[in-house]
Structures are given as C-alpha cells and as structure tokens.
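Just so it is clear, the model here is predicted, and its values are computed rather than measured. What you see below is based on every heavy atom in this structure, not just the backbone, and it leaves out hydrogens, waters and symmetry mates. Just follow the structure's listing: the first ligand is 1, and inside any ligand the first atom is 1.
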Amino acid sequence: MQANPKYTFSVEHARSMDNSDPVPARTSDFHMPRIKGKEVIYFTGNSLGLQPKSAHEALKTELDDWAQWGVEGHFHARNPWVNYHERLASGLSHLVGAKEHEVVAMNALTVNLHLLLVSFYAPKGKRTKIICEAKAFPSDQYALASQIRFHGGNPETDLIEIAPRDGATCIEEEDIETAIRSHADELALVMLGGVHYFTGQLMDMQRITRAAHSVGAYCGFDLAHAMGNVPMQLHDWNVDFACWCSYKYLNSGPGAVAGVFVHDTHVAREDIQRFDGWWGHDAKRRFLMEPKFESMKTAEAWQMSNAPVLNMAVHASSLDMFLEVGIERLREKSKRLTAYLEAGVQQVAGEVGFRAELITPQNPERRGSQLSLAAHGFGKSLFEALTEAGVITDWREPNVIRMAPVPLYNTFEDIASFLIILKDCTTALSTK
Ligand SMILES: Cc1ncc(COP(=O)(O)O)c(C=O)c1O
C-alpha cells in the first residue's frame, strides 16, 4: 500500500506504531474470535464487545461461592451478593463523569429507559412533547412512542424528530436548539442518543442539556454507543438522566446488565414518580420487610430487584480494566486509531476508484471510535466479502458498513491488515 502524506499503511509500520503507542492495546487480555481456524479482525466492539479473559475467573468465583454457600453467599461470598451492585459504582461513575451515588447497574437498557421515563416524562397541560433524533435506535422510538400513548398522548404530534439538514447525514446541535426554542412551553423532555448508533455522531450533550433546561424541560441520553467509548461529565453537564447497556464497549457479555445515571438533584426527590421495588428500599431496613416503601436517597432508589450477580461479576471485572487504563487515555488512543482507519479507507478508495462516503463526522470531536461507511457501487456485497475474508464489521440497512476500532483491543496493525483486505475485496468486486 502507498504511503499517504501523513500516514504509512504497511503492516510493518503499523506494528511499530503499536509498539510505540503510549496507550498500548491490551489485546492479549481478550479472547479474539476465530473463524475457520483463523483469528478475525474484529471491528464490532460497538455491537458486542469481546470477552475479557478475566470474565471466566470472575464468573467462576461466584459459581464456586454459590456452590459453597448457597443462600448464605448473600453475606458470606467473597463479594457478598447483598450489596454486589455497589462494586460497580466506581467504574460506572468514572465512565459517565458522575458521583458514585448517581449511578447504578440494573436491568437492561430499554427496560431502564422506560423506568426513567416514568420519572422524567410526566406530561402536564401543554407540556406534552418529547424531542428526539430522527432515526433514533428503534427501541428508543418504540419506548418514547409507547410512553406518550401510555399518558394518553399522540406520538404523531407529541414526538418531534430532528433530522439532518438536506443532503447531510448528521444532525446539527443548532437545529436541536432551534426546535427546543420553538416548542419551549410545550416541551416536557429532550431525549437523544449520546452517540448515534447509525452515523457514530457524538452529540454535544452539555449544550443540548443547557438548551432543554432553558425552557424548563428535562434532558436525558441513551448512552449505548457512548459508554466506554467517549468520556463524559454527566454530573457537571447537569444531565437529568441517562441509561446504557454494557455489552458493547464495556465488554460485559451478551445481554449484560445495563445501568442508569440520575442526577444528584433528583435522587432524593419525593415529588417525581418512580416504580418501586424492594431493592430501591432503604438498604439498612430492606430485610425488615416493612410494608411502607422508604426509598434510597441515591440512584439505587430506581432498582427494583436483587442484583444479577453472575452477570455483574463479568461486568465488574470488565469495568476494572477501564479504571486501570482510564477513559481519557482510551479516548486519545481511539482518536488516533479512528483517524488512521479513516485515512486508510480513503486511500484504498482512491487507489481502487470507488467513492467511500463516511457518514460519520470528520471532526474527531464530533465522533467516537465508529466509522460508518457507505461504499458506493458495492453495497452489501462488500460487507459479505469482508466477512468471508475474516473481517467482522456490521451491516446496517440500507447501505452502511459500521466499523469500530476499539482501543482496548484493536491495533494499528489490525487496521493495516484490514486495508489490504479492503483493497483486495473492492478490486475483485469492481472487476466482476
Ligand atoms: C442506541 C441503542 N439503544 C437501545 C438499544 C436496545 O438495547 P437493549 O436491547 O439492551 O434494550 C440498543 C441496542 O443495540 C442501541 O444500540
């Protein structure tokens, strides 16, 4: 592969970049999937993160303690199960920029979104509308629309979707602000993805929160694609609430326990609705089995059920890795990897002669580690050829291949090797 003015894409050079990088990948701490006996190039950590090798031991610890203690493990396990979720607070608060009492791991993402909407979507009088992004992840759209219907509203009029400008692929924050201002006294909530699942656009969450608050609306974010990808400061940004999953960048396993953030200013409020369960009851009195609910004065008040310990064990060991490396450093590395991949894809496109439209923002500050590529002239056949050649990306209808070089385990060498395969595949498809 030819050198471009700024980057060199040979595998040897990429390897030397890996060796001298101040934030080395920890690839050997993960299981790299193998297809047809060969390790793949894995660019789908934005969909399902790889298994940390520590997951096995973490799970075994809890299985062994369960075998040894039975129910007594709640108090006598090495990590007592009764307050197991507390182990996760330091990692989660580090990642979202929160105080420990503002976060809690529980349930699954869409479930948590509904539970938070119970608290933060309370349409009243004229204030019935929700602003979200057009083409939000479908589960979010379903959740928002069904909450509106649940309150007797009409999603056709109460759900306002902000789309990219004509010809653009990403949404301008300015357009969100304009919509917020023009619906000022009708707006109950602004609810967006922190990083857009399709385009990879990173929203300016602070700016959007400020705009929502200026008209008296709440502001919340779905952080499925932001968590473990970009650093955040949800507390300082005054975000009201957020929810996320942990099976993507957080590498906690398929369907892993999710989490929520509730801002300090709301955690002890008596005047908002919440669905209660015994794990949200004052922990000191939980086992007194009293009939009257006394909530925790932390985000834990939103917990309903006792902790899914087996899964949380994997989550905890995975979060430890983020605490060891630090999300800020990972972000710096992620910018370097993503820029290298971006430049390499453009170089291959130039050499082979196809249009590689990256619908992800070019500005590194407006994206995380994902690049969404529309490879004009190839469509799904390119995705299939890459998979066949051992590169795991993902395909999103109608025409996008998403790739996420994840700094914990992807390397410059992965990218350089991928570019050779990309060139081979596009050359072969062009001559068909
Ligand atoms: C942005 C976003 N929101 C919501 C979901 C739904 O997640 P879950 O099935 O864990 O509720 C996903 C899943 O990938 C997602 O990417």
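Cation-pi check for R402 over W395 is not met; the charged atom does not lie both under 6.0 angstrom from the ring centroid and within 45 degrees of its normal. A cation-pi arrangement is absent between R336 and Y340, since the terminal nitrogen or guanidinium carbon is not both under 6.0 Å from the aromatic centre and inside a 45° cone about the axis.
Checking T178 against D175 by side-chain atom types alone, no donor-acceptor pair falls below 3.5 Å. With 3.5 Å as the limit, one finds no donor-acceptor pair spanning the side chains of D264 and H235.
Around ligand 1, the residues contributing at least one heavy atom under 4.0 Å from the ligand are L109, T110, F137, D140, D222, A224, H225, Y247, K248.
Between Y121 and H151, the ring planes are perpendicular. Angles over 60° get that label, and only those under 30° would be called parallel. Ring pair F9/Y7 is tilted by interplanar angle, where 30° to 60° counts as tilted.
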